[in-house]
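Just below is one structure, and these are the notes that go with it.
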Amino acid sequence: MGADSAGAVTGDREAFKIIDFVDFLRLERGLSEQTVLAYRREIRRVADFLLTRGVSGPGAAQPQDLREFAYHLKDRGLAASTIRRALSSVRTYYAFLAAEDLVATDPTEVLESPRLGRRLPEVLSRQEVATLLEAGDIAERLYWRDTALLEFAYASGARVSEIVALRVRDLDLEAGFARVFGKGAKERLVPVGRSAARAVRVYLREGRPVLESGVGRGVLFLNARGKPLSRMGVWKILRRRTERAGIRKRVSPHTLRHSFATHLLEGGADLASVQELLGHADIATTQIYTHVDREQLRDVHRRYHPRA
């Protein structure tokens with residue numbers, strides 16, 4: 001069945017009223033020739049796809065047929081933005097057919113366009129994280145502060161804003177948790193693993209007392225002048241460590257948060273637990289960390305669900 005070539009079965013396409021649609025776009029909508037040709041290309045493509053599924057005309061197409069067309073485009077490796085444009089063309093086409101009483105129902109009314117993908121920022125491998133955490137010079141005055149901060153960031157998945165606001169009293173190292181306040185002052189507990197707890201204990205014993213000058217306000221991580229560390233200060237600490245570790249990726253404080261989530265999911269953690277640990281209000285936000293191919297999930301559902 002037909003690609004847009006001389007070998008296409010154009011006779012079968014006649015039922016799809018593509019010529020009428022093109023005339024509508026050109027004469028009534030006054031679209032440019034380039035735009036009209038783009039529409040025609042997309043509708044020919046969907047017509048040929050439907051014909052291969054035994055759908056004889058646009059009025060016989062069901063929503064599931066058009067969903068399968070969207071999956072077909074995805075399987076071809078097309079970008080979400082390209083698929084959205086194709087489905088937009090199909091919606092315009094069916095609006096024309098409905099206005100001309102050429103179809104009784106519009107199957108595109110329940111058709112969803114794929115969301116434009118949210119790109120996952122750079123993630124460090126487990127080995128890169130280990131290299132980063134071990135790259136400091138223990139002879140440096142601020143070694144234990146920097147190490148404790150980075151260990152805590154990776155162990156907890158906390159946001160940089162939550163880390164710089166963390167107070168000593170919010171720590172319960174025996175229980176292995178810390179209390180942080182996220183967006184909207186929403187409180188949650190984050191884990192502090194053994195390695196991070198060990199580094200924080202040493203910092204509390206040997207590093208923070210040296211930095212404290214009476215203006216720390218009980219905040220855990222202090223700068224060289226004894227004041228609460230700023231977000232920019234965290235960036236600078238991380239930049240120094242990244243350079244020393246020889247990591248060439250662009251690493252930000254959020255990179256450790258992304259790495260935390262990704263490594264948990266790769267290790268088998270369930271999405272709802274990671275959502276809670278990250279403090280996401282919507283699990284859809286957490287889903288950007290899943291590296292599972294959505295098409296693979298769809299195929300598994302088709303193969304094993306009794307009513308797929």
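- Contact between Gly216 and Pro228 at its shortest, heavy atoms only, is O-CG, 3.7 Å.
- Contact of the Leu124 side chain with the Tyr154 side chain is not registered, since no non-hydrogen atoms from C-beta on lie closer than 4.5 Å.
- Remark: Leu87 CG to Tyr93 OH distance equals 14.5 Å, nearest 0.5 Å.
- With contacts defined as side-chain heavy-atom distances shorter than 4.5 Å, the pair Leu271/Leu265 qualifies.
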Quiz prompt | Derivation of the side-chain contact (heavy atoms from CB on, under 4.5 Å) call for Leu278 and Phe260 | solution = CA-CA 9 Å; Leu278 291 171; Phe260 163 87; 3.9 Å; yes
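- Taken from CG in Leu25 to CG in Leu31, the straight-line distance is 5.5 Å, to the nearest 0.5 Å.
- Within the 4.5 Å cutoff, no side-chain heavy atoms of Leu102 are placed close to those of Pro58.
- The minimum heavy-atom distance between Leu50 and Ala61, with the atom names listed, is CD1-CB, 4.1 Å.
- Here the shortest heavy-atom pairing between Ala178 and Leu171 reads CB-CD2, 3.9 Å.
- Checked by atom type and distance alone, the side chain of Glu42 never pairs as donor or acceptor with a backbone atom of Ala86 at under 3.5 Å.
- Residues Thr105 and Pro107 approach most closely at O-CD, 3.4 Å, considering heavy atoms.
- Panel note: side chain Arg208, backbone Leu220; a donor-acceptor pair is recorded below 3.5 Å.
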Quiz item: Can Phe16 and Leu51 be said to form a side-chain contact (heavy atoms from CB on, under 4.5 Å), step by step?
Solution: CA-CA 10 Å; Phe16 286 84; Leu51 288 168; 3.8 Å; yes
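- We find the OH-CD1 distance between Tyr143 and Ile138 to be 5.0 Å, quoted to the nearest 0.5 Å.
- Considering all non-hydrogen atoms of both residues, Pro253 and Val234 come closest at CG-CG1, 3.9 Å.
- Contact check for Asn223 versus Leu142: no side-chain heavy atoms found under the 4.5 Å cut-off.
- Counting heavy atoms from C-beta outward, His263 and Val129 have side chains that approach closer than 4.5 Å.
- Considering only heavy atoms from C-beta on, Trp144 stays 4.5 Å or farther from Arg205 through its side chain.
- A search for side chain to side chain donor-acceptor pair (under 3.5 Å) contacts involving Glu33 returns Arg26, not counting sequence neighbours.
- Under the 4.5 Å side-chain criterion, counting only non-hydrogen atoms from C-beta, Phe152 is in contact with Val190.
- Taken from CZ in Arg179 to CZ in Arg167, the straight-line distance is 10.0 Å, to the nearest 0.5 Å.
- Both Val168 and Val180 belong to a single network of hydrophobic side chains, linked directly or stepwise wherever heavy atoms of I, L, V, M, F, W or Y lie under 4.5 Å apart.
- With values rounded to the nearest 0.5 angstrom, Lys236 atom NZ is found 14.5 Å from Arg231 atom CZ.
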Quiz item: Where do Glu100 and Lys17 land on the side-chain contact (heavy atoms from CB on, under 4.5 Å) test, with the steps shown first?
Solution: CA-CA 11 Å; Glu100 296 294 320; Lys17 305 295 182 181; over 6 Å; no
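- The local environment of CZ in Arg194 is sparse, with at most 12 non-hydrogen atoms from other residues, nucleotides or ligands closer than 6.0 Å.
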Practice problem: Please lay out, stage by stage, how Arg250 and Thr242 fare under the test side chain to side chain donor-acceptor pair (under 3.5 Å). | Solution: CA-CA 9 Å; Arg250 184 179 182 277; Thr242 302; over 6 Å; no
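- Between the side chains of Thr92 and Ser89, no donor N or O sits under 3.5 Å from an acceptor N or O.
- Taking all atoms of both residues into account, the shortest heavy-atom contact from Ala196 to Ala155 is CB-CB, 3.7 Å.
- Transitive grouping of hydrophobic side chains (ILVMFWY, heavy atoms separated by less than 4.5 Å) keeps Val160 and Phe181 in distinct clusters.
- Heavy-atom neighbours of Lys249 NZ from other residues, nucleotides or ligands within 6.0 Å: above the threshold of 12.
- Annotation for Glu187: atom CD counts as buried by contact number, over 12 foreign heavy atoms lying within 6.0 Å.
- In this structure, Leu189 is not a member of the same hydrophobic cluster as Val192, with clusters built from ILVMFWY side-chain heavy atoms closer than 4.5 Å.
- Although no hydrogens or angles enter the test, the distance criterion places no donor-acceptor pair under 3.5 Å between the side chain of Arg159 and the main chain of Arg257.
- Here the CG-CD distance, from Leu133 to Glu151, works out to 4.5 Å after rounding to the nearest 0.5 Å.
- Atom CZ of Arg225 sits in a sparse spot, with 12 or fewer heavy atoms from other residues, nucleotides or ligands closer than 6.0 Å.
- No single ILVMFWY cluster, assembled from side-chain heavy atoms under 4.5 Å apart, contains both Phe177 and Phe221.
- The environment of CG in Leu37 is crowded: more than 12 heavy-atom neighbours from other residues, nucleotides or ligands sit within 6.0 Å.
- A single hydrophobic cluster is seen to contain both Phe24 and Val22, as judged by linkage of ILVMFWY side chains at heavy-atom distances under 4.5 Å, directly or through other members.
- Using a 30° and 60° split on the angle between ring planes, Phe96 and Phe21 fall in the tilted class, from 30° to 60°.
- In terms of the salt bridge (charged side-chain N to carboxylate O under 4.0 Å, His left out) criterion, residue partners of Arg188 (sequence neighbours excluded) are, by chain and number, Glu162.
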Self-check item: From CA spacing to verdict: side chain to side chain donor-acceptor pair (under 3.5 Å), Thr262, Ser259
Solution: CA-CA 5 Å; Thr262 301; Ser259 302; over 6 Å; no
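- Through side-chain heavy atoms spaced under 4.5 Å, either directly or across other Ile, Leu, Val, Met, Phe, Trp or Tyr residues, Trp235 is tied to Met232.
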Quiz prompt | Asp20/Leu97 under side-chain contact (heavy atoms from CB on, under 4.5 Å): CA gap, chis, key distance, verdict | solution = CA-CA 9 Å; Asp20 294 340; Leu97 295 175; over 6 Å; no
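- Between Leu222 and Arg145 the shortest side-chain heavy-atom distance does not fall below 4.5 Å.
- For the side chain to side chain donor-acceptor pair (under 3.5 Å) with Arg241, the lone residue among Asp146, Thr131, Thr147 that qualifies is Thr147.
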